Amino acid sequence: MSKMAVVPGSFDPITYGHLDIITRGASIFSEVYVVVLNNSSKNPLFSVEERVKLIQEVTAHLPNVKVETFSGLLMDYAQNVGASAIIRGLRAVSDFEYEMQITSMNRVLNDEIETFFIMTKNQYSFLSSSIVKEVAKYGGNIGELVPPQVETALKEKYKHQQ
Ligand code: PNS
């Protein structure tokens with residue numbers, strides 16, 4: 001039976017940690033939609049269009065991965081596209097409380113779409129978009145943390161700040 005899963009997030013920008021989760025999800029589900037939250041209350045470094053383009057570039061080798069955007073409630077989006085699952089990445093224990101909160105809320109909204117957690121590779125367990133941006137901003141080496149396209153895009157964003 002074909003099962004579709006949604007990997008939601010801010011992806012500002014996508015890291016090797018995200019890519020690891022997407023790759024693992026795509027090996028289990030027949031189709032995976034990576035969806036970028038278009039939420040005006042956050043102050044992202046990359047526009048939604050830039051984030052989508054970067055994700056498309058770095059997932060181009062995964063034939064069952066599609067990249068979209070969404071606004072509003074995740075569960076409404078997931079139901080509209082016929083998803084049977086949400087996939088979230090888990091790094092350290094510190095992620096647990098936040099993930100439990102949003103998963104519990106999502107369950108109240110829709111109990112039929114299951115949330116699955118995938119642990120990242122150990123080497124990415126400390127990695128976040130925020131930490132990558134912090135290092136990139138001050139010219140640190142991020143080559144092992146993000147794909148080359150993302151490294152280039154970050155350097156371009158911060159070129160006047162160093
Ligand atoms: O990458 P992030 O910022 O941790 O992703 C958070 C995300 C996008 C999964 C979460 O903010 C979300 O689902 N937002 C959509 C609004 C929503 O559905 N809220 C209800 C559950 S808290």
Side-chain angles (χ1 to χ4, degrees), residues 1-133 145-147 149-150 153-154:
M1 200 190 334
S2 95
K3 294 266 183 199
M4 196 268 265
V6 166
V7 183
S10 305
F11 302 105
D12 186 39
I14 187 166
T15 67
Y16 274 137
H18 294 127
L19 190 54
D20 182 42
I21 299 298
I22 295 164
T23 307
R24 288 168 193 276
S27 73
I28 295 163
F29 288 89
S30 44
E31 233 187 327
V32 167
Y33 283 19
V34 180
V35 293
V36 180
L37 176 67
N38 190 355
N39 180 345
S40 55
S41 69
K42 284 199 177 178
N43 188 18
L45 178 66
F46 291 95
S47 70
V48 170
E49 294 72 26
E50 288 171 324
R51 285 180 268 159
V52 166
K53 188 165 174 282
L54 286 172
I55 301 168
Q56 281 169 336
E57 285 174 12
V58 305
T59 58
H61 61 292
L62 300 169
N64 58 339
V65 171
K66 188 173 161 180
V67 190
E68 290 205 334
T69 64
F70 83 106
S71 48
L73 290 175
L74 173 64
M75 287 319 227
D76 289 343
Y77 170 84
Q79 184 156 31
N80 286 341
V81 295
S84 28
I86 305 293
I87 296 175
R88 293 282 290 168
L90 259 191
R91 292 164 301 188
V93 176
S94 49
D95 281 342
F96 181 79
E97 205 164 330
Y98 173 64
E99 295 299 332
M100 194 183 85
Q101 195 178 14
I102 61 171
T103 301
S104 305
M105 188 65 239
N106 284 339
R107 227 179 224 171
V108 171
L109 295 170
N110 186 330
D111 197 23
E112 286 171 10
I113 300 176
E114 198 59 66
T115 301
F116 288 81
F117 293 95
I118 298 181
M119 274 179 64
T120 48
K121 266 188 189 158
N122 300 357
Q123 72 201 79
Y124 303 134
S125 60
F126 68 96
L127 194 52
S128 69
S129 298
S130 310
I131 224 163
V132 167
K133 283 183 280 192
L145 312 181
V146 294
Q149 298 94 325
V150 178
L154 278 164

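As the structure is a prediction and not an experimental result, all values here were calculated from the model.
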Participant: Taking the side chain as everything from C-beta on, heavy atoms only, tell me whether Val32 gets closer than 4.5 Å to Met4.
Facilitator: no

Participant: Could you check whether any side-chain heavy atom of Ile113 comes within less than 4.5 Å of a side-chain heavy atom of Asn106, counting everything from C-beta outward?
Facilitator: no

Participant: Indicate the atoms forming the closest heavy-atom contact of Ala78 with Ile86, along with that distance.
Facilitator: CB-CD1, 3.9 Å

Participant: Between Glu112 and Arg107, is any pair of side-chain heavy atoms under 4.5 Å apart?
Facilitator: no

Participant: Say you draw a straight line from OG of Ser27 to CD1 of Ile22; how long is it, rounded to the nearest 0.5 Å?
Facilitator: 12.5 Å

Participant: Considering non-hydrogen atoms only, spot the tightest contact between Val34 and Ile55 and give its length.
Facilitator: CG1-CG2, 3.9 Å

Participant: In terms of the angle between their ring planes, are Phe29 and Phe116 parallel, tilted or perpendicular, with boundaries placed at 30° and 60°?
Facilitator: perpendicular

Participant: So Ile14 and Val150, do their side chains get closer than 4.5 Å, heavy atoms only?
Facilitator: yes

Participant: Please give me the minimum heavy-atom distance between Ile21 and Gly89, naming the atom from each residue.
Facilitator: CD1-CA, 3.7 Å

Participant: Please test Gln56 against Arg51 for side-chain contact (heavy atoms from CB on, under 4.5 Å), starting from the C-alpha separation and ending with a verdict.
Facilitator: CA-CA 9 Å; Gln56 281 169 336; Arg51 285 180 268 159; over 6 Å; no

Participant: Do Val132 and Leu145 have side chains that get closer than 4.5 Å, going by heavy atoms?
Facilitator: yes

Participant: Is it true that a side-chain atom of Gln79 and a backbone atom of Asp76 form a donor plus acceptor pair closer than 3.5 Å?
Facilitator: no

Participant: Which residues pass the side chain to side chain contact (heavy atoms under 4.5 Å, CB included) test with Leu90, not counting sequence neighbours?
Facilitator: Asp95, Glu99, Phe117, Met119

Participant: Verify, without hydrogens or angle tests, whether Arg91 (side chain) and Leu127 (backbone) share a donor-acceptor contact under 3.5 angstrom.
Facilitator: yes

Participant: I'd like to check Arg88 versus Tyr98 (side-chain heavy atoms, cut-off strictly below 4.5 Å). Are they in contact?
Facilitator: yes

Participant: Answer yes or no: is there a side-chain heavy-atom contact under 4.5 Å between Ser128 and Ile131?
Facilitator: yes

Participant: For Lys53, what residues pass the salt bridge (charged side-chain N to carboxylate O under 4.0 Å, His left out) criterion, not counting sequence neighbours?
Facilitator: Glu57

Participant: Between Asp12 and Lys133, is a side-chain contact (heavy atoms from CB on, under 4.5 Å) present by the stated rule, with each step listed?
Facilitator: CA-CA 9 Å; Asp12 186 39; Lys133 283 183 280 192; 2.9 Å; yes

Participant: Could you check whether atom CZ of Phe126 has more than 12 heavy atoms from other residues, nucleotides or ligands sitting under 6.0 Å from it?
Facilitator: yes

Participant: Tell me the closest heavy-atom pair linking Val36 and Ser10, and the distance in Å.
Facilitator: CG1-O, 3.9 Å

Participant: Could you check whether atom CG of Asn80 has more than 12 heavy atoms from other residues, nucleotides or ligands sitting under 6.0 Å from it?
Facilitator: yes

Participant: What are the two closest non-hydrogen atoms of Pro13 and Leu154, and how far apart are they?
Facilitator: CG-CD1, 4.1 Å

Participant: Looking only at heavy atoms, which two atoms of Thr69 and Tyr77 are closest? And how far apart?
Facilitator: O-CE1, 4.0 Å

Participant: Is Glu31 salt-bridged to Lys3, cutoff N-O under 4.0 Å?
Facilitator: no

Participant: What is the distance from atom CZ of Phe11 to atom CG of Leu19, rounded to the nearest 0.5 Å?
Facilitator: 10.0 Å

Participant: Any non-hydrogen side-chain atom of Val6 less than 4.5 Å from a side-chain atom of Ile87?
Facilitator: no

Participant: Measuring from Glu49:CD to Leu54:CG, what's the distance to the nearest 0.5 Å?
Facilitator: 12.0 Å

Participant: With the threshold set at 4.0 Å, does a side-chain nitrogen-carboxylate oxygen contact exist between Glu68 and Lys66?
Facilitator: yes

Participant: Any donor and acceptor pair, going by atom type alone, linking the side chain of Thr103 with main-chain N or O of Met100 inside 3.5 Å?
Facilitator: no

Participant: If we ignore hydrogens and angles and just use 3.5 Å, is the side chain of Thr15 paired with the main-chain N or O of His18 as donor and acceptor?
Facilitator: yes

Participant: List the steps, then state whether side-chain contact (heavy atoms from CB on, under 4.5 Å) holds for Phe70 with Leu37.
Facilitator: CA-CA 5 Å; Phe70 83 106; Leu37 176 67; 3.4 Å; yes

